[in-house]
Amino acid sequence: MGKLDVKMLRYLTSEDFRVLTAIEMGMKNHELVPALLAAQIANLRYGGVHKLLKEMCKHRLLSYERGKRYDGYRLTNTGYDYLALKVLTQRGTICSFGNQIGVGKESNIYVVANEDETPLCLKLHRLGRTCFRNIKGKRDYLQHRHSASWLYLSRIAATREFAYMKALLDRGFPVPKPIDFNRHCVVMELVEGGPLCNVNEVNNVEALYDELMDLIVRLGNHGVIHGDFNEFNIMIKNDGKPVIIDFPQMVSTEHENAEAYFQRDVNCIRDFFKRRFGYESELYPTFQDITREDCIDNEVRASGFAKQVEKEIDIFLTDLDIEYTEEKDNENIETNEKDEKETYEDCVDEVENLQSQFNDLQFQNQISKKDFDLPTQE
Ligand code: ADP
Ligand code: MG
């Protein structure tokens with residue numbers, strides 16, 4: 001686990017970023033983005049763009065691949081990271097980069113710092129192309145954008161996480177303070193402490209157990225279930241207090257399997273306390289204990305993505321649970337033989353549409369933080 005490789009950020013020009021963003025836009029509808037399409041989206045001259053594209057391939061921000069009908073470019077993980085980090089540094093949210101502190105199954109976590117040198121936590125979501133490969137063929141709705149699915153899903157995961165953290169913090173839950181997000185990156189407060197899985201001794205086992213069960217119930221009262229409430233997603237601060245992290249998979253208490261998810265969260269805690277501390281209690285909450293006086297989910301849904309998207313992601317995340325594999329070779333994706341290949345003419349037809357989306361995206365980058373009505377920072 002090393003440092004985030006950000007040295008190129010300094011050397012990339014605004015034209016580079018324009019071209020990189022154009023590839024990102026093109027990938028919404030195309031497996032591979034031809035140079036000409038990128039030039040048209042970015043509204044730059046083809047000759048110049050061609051050179052920039054080649055240069056960015058050298059630095060592995062893009063990869064150039066051969067398709068059936070035409071060849072084109074694809075954004076790499078690094079390329080996508082750079083786009084988000086550029087925005088976050090431009091906004092002044094972060095200004096220096098430190099070491100990696102965690103690898104989750106769907107993320108990389110780094111320490112970064114803002115202008116005041118306050119250390120912060122940067123989470124880069126990486127919902128894999130590999131996960132997608134597993135469900136390919138089963139789901140119509142992703143067939144047409146499978147090349148972009150990892151961009152899309154990682155971005156949704158980050159947006160959800162940010163929105164949930166904000167809603168939970170507003171309601172007094174012990175969660176890291178969300179600071180900013182862009183694309184697949186979330187910047188949040190750095191919790192000083194470590195995950196519960198590394199804790200072998202606590203002052204008062206019973207009190208901690210009660211506190212965690214109480215949190216599960218309180219989440220339920222606000223209409224949500226964490227969905228992955230285990231010793232890896234509970235941090236214990238240096239003062240012994242728990243902080244909950246990792247929210248993209250949260251589900252509504254209205255979900256058809258809500259009761260099962262709720263029980264699973266409760267059982268995770270019971271099992272862990274038994275295993276680690278030899279602690280067992282007859283007292284544990286059930287789904288019937290929750291009051292649902294509030295519905296955080298509505299707020300999160302209203303905060304920037306359409307219901308349709310939400311539905312797709314729900315289905316996708318459910319699949320992910322079951323079918324996630326250990327493969328991490330994100331740079332290789334098999335092309336689906338049965339996929340109908342688009343022609344280059346299809347691409348050109350869409351240029352106008354993409355150009356307007358491109359402008360929207362530039363605009364969004366400036367306003368999306370405000371959209372969430374962030375509390376003013378102390
Ligand atoms: P994943 O979704 O990939 O499981 P998590 O959000 O659970 O990612 O984070 C993975 C690990 O990174 C955690 O177990 C924890 O050790 C560390 N981590 C995550 N968020 C923070 C934070 N805000 N402060 C300190 N460490 C964190
Ligand atoms: Mg986790």
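Predicted, not measured: the structure shown is a model, and the values here were computed from it. Note that ligands are numbered from 1 as they come in the structure, with each ligand's atoms numbered from 1 the same way.
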Have a look at Pro176 and tell me which of Leu190, Ile245, Val186 forms a side-chain contact (heavy atoms from CB on, under 4.5 Å) with it.
-> Ile245
Between Phe17 and Tyr82, is the gap from one ring center to the other below 6.0 Å?
-> no
At their closest point, which heavy atom of Cys121 faces which heavy atom of Ile109, and how far apart are they?
-> SG-CG2, 3.4 Å
Do Tyr11 and His59 have ring centroids that are under 6.0 Å from one another?
-> no
Centre of Tyr64's six-membered ring, under 6.0 Å away, within 45 degrees of the axis: is that where NZ or CZ of Arg74 sits?
-> no
How about Tyr279 and Tyr209: are their ring centroids closer than 6.0 Å?
-> yes
The answer, listing residues by chain and number that come under 4.0 Å of ligand 1 through any heavy atom, is Ile101, Gly104, Lys105, Glu106, Ser107, Ile109, Cys121, Lys123, Pro176, Met188, Glu189, Leu190, Val191, Pro195, Phe232, Asn233, Met235, Ile245, Asp246
With a 6.0 Å cut-off on ring centres, are Phe247 and Tyr164 close enough?
-> no
Protein N, O or S atoms at less than 2.8 Å from the Mg ion (ligand 2), how many?
-> 2
May I ask you to decide if the ring planes of Phe229 and His226 are parallel, tilted or perpendicular, using 30° and 60° as cut-offs?
-> perpendicular
Neighbour count >12 (heavy atoms, 6.0 Å) for atom CD, Glu115 | no
